Amino acid sequence: MTQPRHILAIDQGTTSTRCIVFDAQARACATSQREFAQHYPQAGWVEHDPEDIWRDTLETAREAIAQSGLGAAAIAGIGITNQRETVVIWNRETGRPIHNAIVWQDRRTAAACQALKDQGVEDMVRSRTGLLLDPYFSGTKVAWLLDNVPGARADAEAGRLAMGTIDCFLLWRLTGGAVHATDITNASRTLLFDIHRQQWDEELCQLLRVPMAILPQVTDNSGIFGHTAPDLFDAQIPIAGLVGDQQAALFGQACFERGMAKSTYGTGCFMLLNTGETAPVSRNRLLTTPAYRLNGKTTYALEGSIFVAGAAIKWLRDGLGIITHARETNDMATQVPDSHGVYMVPAFVGLGAPHWDPDARGAIYGLTLGATPAHLARAALEAVAYQSWDLLEAMARDSGAAPAAMRVDGGMTANDWLCQFLADMLQVPVERPENLETTALGAAFHAGLATGVWSGLDDLSRTWRGRDVQQPAMPAERRAPLIAGWRDALRRTLTHPAPDAA
Ligand SMILES: Nc1ncnc2c1ncn2[C@@H]1O[C@H](COP(=O)(O)OP(=O)(O)O)[C@@H](O)[C@H]1O
Ligand SMILES: O=P(O)(O)OC[C@H](O)CO
């Protein structure tokens, strides 16, 4: 039989799960996708049912393989990429989760984070993990589960429970409970992992009250981590790539050189800048995060995380009912010459980088009787670009220079108007790739490296194909007052004064 040359990528995102089969030219040849339920048990809380995630993963994987016309035996490997920080705890014996997954957007541990800050440990946590004390990250969510599910803490201490981010949970299920492992990009988002020594940190585990017995083994991004259980597909497939979704997008965009950057516009927006082998501590409240580890060698990135991007467009549709489809916002934004002074600060779940204000809430300023749905839609899109500018500015201050270009991807980048406004605000060319599914592609790349479909990073770089480039075109005298208006709206929304920039 000929050597298998296709890869199945599993992209388990915040609102949907999709599986894509890629060929050796990095072209998608089959796709299957499902949206799944979001649970909001209290204001600021967000949960997912891990059984929904598992069911959708298995069904979409089977559908994509069937649609490709290939059998499972023709799949060289599976690459898993996932919404990061979202955490599940399950029983090792039964494999059943003890509670719903707590999602990255969930704010229930804001008080726990504040209590840790009051102990004066944030600088120590930052220097070891590259993160800040914010409910976004998994560690305080794990402690919440152990404290609130009856019997969980005792079970965890006795080694009966396992914890994992979604990659880890899916790897466990796909291997029939044989492998409890996660990769470095996911481990690094827990607040429990030292990104310099590259191991779980005993002191941090004690500080966050997480027993080390529940933690998974930490791996490179590319390697053979296990095989699918015999009853799942018509052949056992190696699981050969594991990577958090934003690091996957950086990899899928072929940003392998120091100084290259990408920004992904889905539910949230995540901008990552490759910093090479150095892990700089940000002076501007950005995160330092491993981008990938191959053969034990780590490449790092600076990251800016915005919690709400496309989610604001979803709110225009589902909350306000002023649009029927997200794509309508493109035409609405072009129907009006400007936002009519309307600014939206989409702090629906607090604000992430560079402000880190979990208590801020969304606001709309500048409403007059002349404001229309088109102005609101335009303000929601503009907010995404203004927030991106805040990140880029922080990155440029940290690294000495802005990247030469920004590679963009994610569902929102189908919006041409947004891409041009982004270029105008960022003042760098905005490059869209031919394949907008860069997250899934990044996971496929990792799995393909481990299974010999691709030979190395140069081979992967050759597969990257640009679709178009938006050049900055707005005159400075028009841009400056827009940014000033945004800054003013932001200042009115923050619950604490903006930290001084370094
Ligand atoms: N043409 C568009 N204009 C603006 N927003 C869009 C457009 N198409 C999709 N979106 C938004 O993009 C998001 C979906 O992007 P996607 O990358 O699939 O997200 P995720 O992976 O986070 O689930 C949704 O929030 C949707 O509202
Ligand atoms: O599911 P996405 O694509 O919105 O990504 C979520 C991020 O990984 C959260 O850190």
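Order of listing sets the numbers, starting from 1, for every ligand and every atom in it. Every heavy atom of this structure was used, including side-chain atoms; hydrogens, water molecules and symmetry mates were not. What you are looking at is a predicted structure, and each value in this text was computed from that prediction instead of being measured.
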Relative to the ring of F307, is the ring of W356 parallel (under 30°), tilted (30 to 60°) or perpendicular (over 60°)?
-> perpendicular
Think R407 forms a cation-pi with W464, using NZ or CZ under 6.0 Å from the six-ring centre and within 45 degrees of its axis?
-> yes
Has ligand 2 got any nitrogen or oxygen that is less than 3.5 angstrom from a nitrogen or oxygen of Q83?
-> no
Show which atoms of ligand 2 fall inside a sub-4.0 Å distance from at least one heavy-atom site of T267.
-> 4 (O)
Under a strict 4.0 Å criterion on non-hydrogen atoms, which protein residues are in contact with ligand 1?
-> T15, R18, G266, T267, G310, A311, I313, K314, A326, R327, T329, G410, G411, M412, N415
Run the salt bridge (charged side-chain N to carboxylate O under 4.0 Å, His left out) check on R327 and D416 step by step: do they pass?
-> CA-CA 10 Å; R327 62 176 175 273; D416 295 340; over 6 Å; no
Got the closest protein heavy atom to atom 9 (C) of ligand 2, with its distance?
-> E85 OE1, 3.3 Å
Can an N or O of W104 be found at a distance shorter than 3.5 Å from an N or O of ligand 2?
-> no
Against heavy atoms of G13, which atoms of ligand 2 measure under 4.0 Å?
-> 1 (O)
Sub-4.0 Å atoms of ligand 2 with respect to non-hydrogen atoms of Y136 = 9 (C), 10 (O)
Is there side-chain contact between P403 and L392, with heavy atoms separated by less than 4.5 Å?
-> yes
Kindly confirm or rule out an N or O of D245 lying under 3.5 angstrom from an N or O of ligand 2.
-> yes
Can you name the residues that form a side chain to side chain contact (heavy atoms under 4.5 Å, CB included) with D220, not counting sequence neighbours?
-> R293
Does some non-hydrogen atom of G266 fall short of 4.0 Å from ligand 2?
-> no
heavy-atom search around atom 4 (O) of ligand 2 in the protein gives T14 OG1, 3.2 Å
CD of Q67: more than 12 outside heavy atoms within 6.0 angstrom?
-> yes
Any N or O on R189 sitting closer than 3.5 Å to an N or O of ligand 2?
-> no
With a cut-off of under 6.0 Å to the ring centre and 45° to the axis, is R128 in cation-pi contact with F193?
-> no
Stepwise salt bridge (charged side-chain N to carboxylate O under 4.0 Å, His left out) test for D134 and R285 = CA-CA 12 Å; D134 189 89; R285 296 166 74 78; over 6 Å; no
Single hit among V142, I166, N186 for side-chain contact (heavy atoms from CB on, under 4.5 Å) with V87 = V142
Indicate yes or no: does R317 engage E328 in a salt bridge with an N to O separation below 4.0 Å.
-> no
Can you list the steps and then say if E63 with R34 is a salt bridge (charged side-chain N to carboxylate O under 4.0 Å, His left out)?
-> CA-CA 11 Å; E63 281 169 16; R34 298 253 196 299; 2.5 Å; yes
